[in-house]
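Scope of the values below: all heavy atoms of this structure, side chains included, with no hydrogens, waters or symmetry mates. Chain identifiers are assigned alphabetically (A, B, ...) following the order of the sequence lines, protein sequences preceding nucleic acid strands; residue numbering begins at 1 within each chain.
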Amino acid sequence: MSRKSSPFANLFLFIIFFVLYAPIFYLIFYSFNSGGTMSGFEGFTLDWYKELFSDTRLLIIVLNTVVIALLSALISTIIGVFGAIGIREMKRKRNQNSILGLNNVLIVSPDVIIGASFLILFTMAGIQLGFYSVLLSHIAFSIPIVVLMVLPKLMEMSPSLIDAAHDLGASRWNVLTKVILPYITPGIFAGFFMALTYSLDDFAVTFFVTGNGFSTLSVEIYSLARQGISLNINALSALIFLVTVVLVIVYYYISRRAGNQGMGGMRR
Amino acid sequence: MTNTIIQFNNVTKQYDNDPVVLDNVSFEIERGKFYTLLGPSGCGKTTILRLIAGFTEATSGEIYFDDKKINDIPANKRQVNTVFQDYALFPHLNVFENVAFGLRIKKMKNKEVEAKVKEALSFVNLLGYEQREIRDMSGGQRQRVAIARAIVNEPEVILLDEPLSALDLKLRYQMQGELRDLQRRLGITFIFVTHDQEEALAMSDEIFVLNKGKIQQSGTPIDIYDEPINRFVADFIGESNIVKGTMIEDFLVEFGGKRFECVDQGMNPNEPIEIVIRPEDLEITSFDSGMLKIEVTSQLFRGVHYEITGIDHDGNEWLVHSTKKAKVGDKIGLHFNPEAIHVMRFNETEEDFDRRLESYSEGEADGE
């Protein structure tokens, strides 16, 4: 039944994944090195992890990063969802397309430019660089992503669904909460997780707008790496990688369970 | 209390600078009847439905519901419910919650909701399907859920927007019967939109035939089939032979180079007209005894009858439905009764047309 893929295709796939994952595993491997460098493996140790967990400054930075990511993802999801609904409601196709174009420009424009322009904006507006400036800029660059994730789901929704809800007596608020939002929930989740990951690993924008001792992981790792190689970073990277893998697995199970719910009815 | 539930007064609908969708339409709809809006796509029939439901606003004219003007009343405050062409069932809710949607909006108590939903589902023979997801239902079942969702709110009028067009032929026939039956049992007004003339003839108490934003003719299925007002209606409803002719005088019409006795009157002498003869009213006889003589050009077997096409010596094409066989190339005669000829005047308004037809029956009464 299923076509067997050729051995070359498999080999190609293997090489690609090897190239992509090898550096990460190399990094993780040396986080257990007692030698202190990444040139020769001397012995197994968990010292670097101990050091990492005793470094409260670093832990606070991790916490900062997570708080920024969660908050910015949450707020940008709310704004982005309403933005997407607004774009859909637009009467003229041309306005819709131009707004969508503006939205997409923000996604493809280099982070450096966005970061620099935020820096100029914040200094001109007199906003102190730190937690709020980072949060604001993260929200700003996440909104277009959320819009992009939610809009296809909205567009796929038949307009007669909304008519039907009105027809059955629903007010505009009812239509929003009982029809539109439940329908686009998968898109909202996708948008939220996208915004979360974008915020977690953003370096360029954060680098520009952070200040007053406030720092996030990516910026911190960058400055640590500049000071010289310490296997601290390896340990930290290994932990982040682990968390990422766990998140991916969790996401996979959630989406599989959501898919299963429908199948349950079928089986009965 | 009058029997009129919906009334349109000179309603026009136009989007921006596009041509008008509805052109100065007026009609009345009576309580408890099954109405069909029939016409080709783009004729404005769905627009009428959307105006009644409140999804769109009239450019000019008044719409009355129960003698109250409802032009500015939003859709969610109107006592009508719609069954949509694509059913518009909510995919995130199961069958029960879909049907219960309107009741939940009204904040009805759980017990009442349950009783009403069960009753509505039993009306459409879907008891036991409450917990099913919409995606696990077949097309016909979804159709029934959509109908249950509309009737559970006990509206005065149910609007149906081509609800059967997505079903296969057999299921469509079955649903036609069920819908008609349901309407009789509930006793509420159904307004049904379709482009399928057969569907309209089978189900309706009253048909409005629409074309290009105007109502061409309204009447019972039999009226419309037997006495079409103009070429469009004759052509759209059923199959017909339409031939140009001249009304020589009352009860005498000329077409195909011959004069025939007919039952129409009240037109000007020698007025150019068109005549309609339905294919099933033409009978095949021998060439010599035929009132019309045609040469058979094609024959199709349709199961119930043969569909025979032929040309007379004037070049008019004649379509005949007959259980008798013919051969291509045969010369055959056609026989028909005076009643089979239906005369249509050019550009006659519906009022004039009705008046003319009415005068016939008065004439008959006088004659007796």
Side-chain angles (χ1 to χ4, degrees), chain A residues 81 84-85 88-96 149-150 152-192 254-268, chain B residues 15-16 46 49-50 52-56 73-95 97-108 128-137 145-146 149-155 157-159 161-163:
Chain A
V81 165
I85 291 172
R88 186 190 184 272
E89 301 261 299
M90 280 183 171
K91 289 263 155 56
R92 285 163 185 267
K93 199 93 194 131
R94 226 180 54 201
N95 292 357
Q96 209 175 49
M149 301 299 286
V150 172
K153 206 70 192 141
L154 268 175
M155 291 297 189
E156 156 200 316
M157 189 168 81
S158 157
S160 63
L161 277 185
I162 295 172
D163 280 344
H166 278 303
D167 189 67
L168 293 165
S171 62
R172 286 177 70 92
W173 176 250
N174 287 146
V175 172
L176 180 71
T177 55
K178 295 196 178 205
V179 179
I180 298 180
L181 289 183
Y183 191 93
I184 60 171
T185 303
I188 295 176
F189 272 110
F192 177 80
I254 288 176
S255 54
R256 235 183 57 149
R257 227 186 50 189
N260 262 353
Q261 264 174 357
M263 308 295 274
M266 195 87 97
R267 258 185 251 123
R268 239 181 291 131
Chain B
Y15 293 98
D16 299 328
T46 299
L49 215 61
R50 294 180 65 82
I52 298 174
F55 303 142
T56 180
I73 294 179
N76 54 342
K77 300 263 158 58
R78 296 192 186 186
Q79 285 182 25
V80 295
N81 283 112
T82 310
V83 177
F84 291 85
Q85 189 169 12
D86 61 354
Y87 315 144
L89 298 172
F90 305 118
H92 58 282
L93 301 175
N94 64 19
V95 170
E97 287 303 324
N98 258 288
V99 178
F101 190 90
L103 306 176
R104 297 251 191 252
I105 295 278
K106 283 183 214 146
K107 301 240 177 337
M108 199 175 271
Y129 287 83
E130 289 88 342
Q131 300 310 318
R132 287 266 191 119
E133 294 297 325
I134 297 303
R135 69 175 88 80
D136 301 332
M137 305 286 276
V145 177
R149 189 177 66 176
I151 62 176
V152 78
N153 300 294
E154 295 165 4
V157 177
I158 288 189
L159 310 171
D161 186 5
E162 306 210 19

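Of the two parts of Leu93(B), neither the backbone nor the side chain holds a non-hydrogen atom closer than 4.5 Å to a non-hydrogen atom of chain A. With a threshold of 4.5 angstrom between heavy atoms, Phe84(B) approaches chain A through side-chain atoms but not through N, CA, C or O. In this structure, the portions of Ser171(A) lying under 4.5 Å from any heavy atom of chain B include both its backbone and its side chain. With a 4.5 Å cut-off on non-hydrogen atoms, Arg149(B) touches chain A through its backbone and its side chain both. Heavy atoms closer than 4.5 Å to chain B are found in the side chain of Asn174(A), but not in its backbone. Contacts of Asn153(B) with chain A are made by side-chain atoms alone, with heavy-atom separations under 4.5 Å and no backbone atom involved.
Shown here for Val179(A) and Ala165(A), the closest heavy-atom pair between the two residues is CG2-CB, 3.7 Å. Annotation for Ile162(A) and Arg88(A): closest pair CD1-NH1, 3.7 Å, computed over non-hydrogen atoms. For Asn94(B) against Gln131(B), the heavy-atom pair with the smallest separation is ND2-OE1, 3.2 Å. The minimum heavy-atom distance linking Ile105(B) with Ala170(A) is given by the pair CD1-CB, 3.7 Å.
Counting heavy atoms from C-beta outward, Leu159(B) and Val83(B) have side chains that stay 4.5 Å or more apart.
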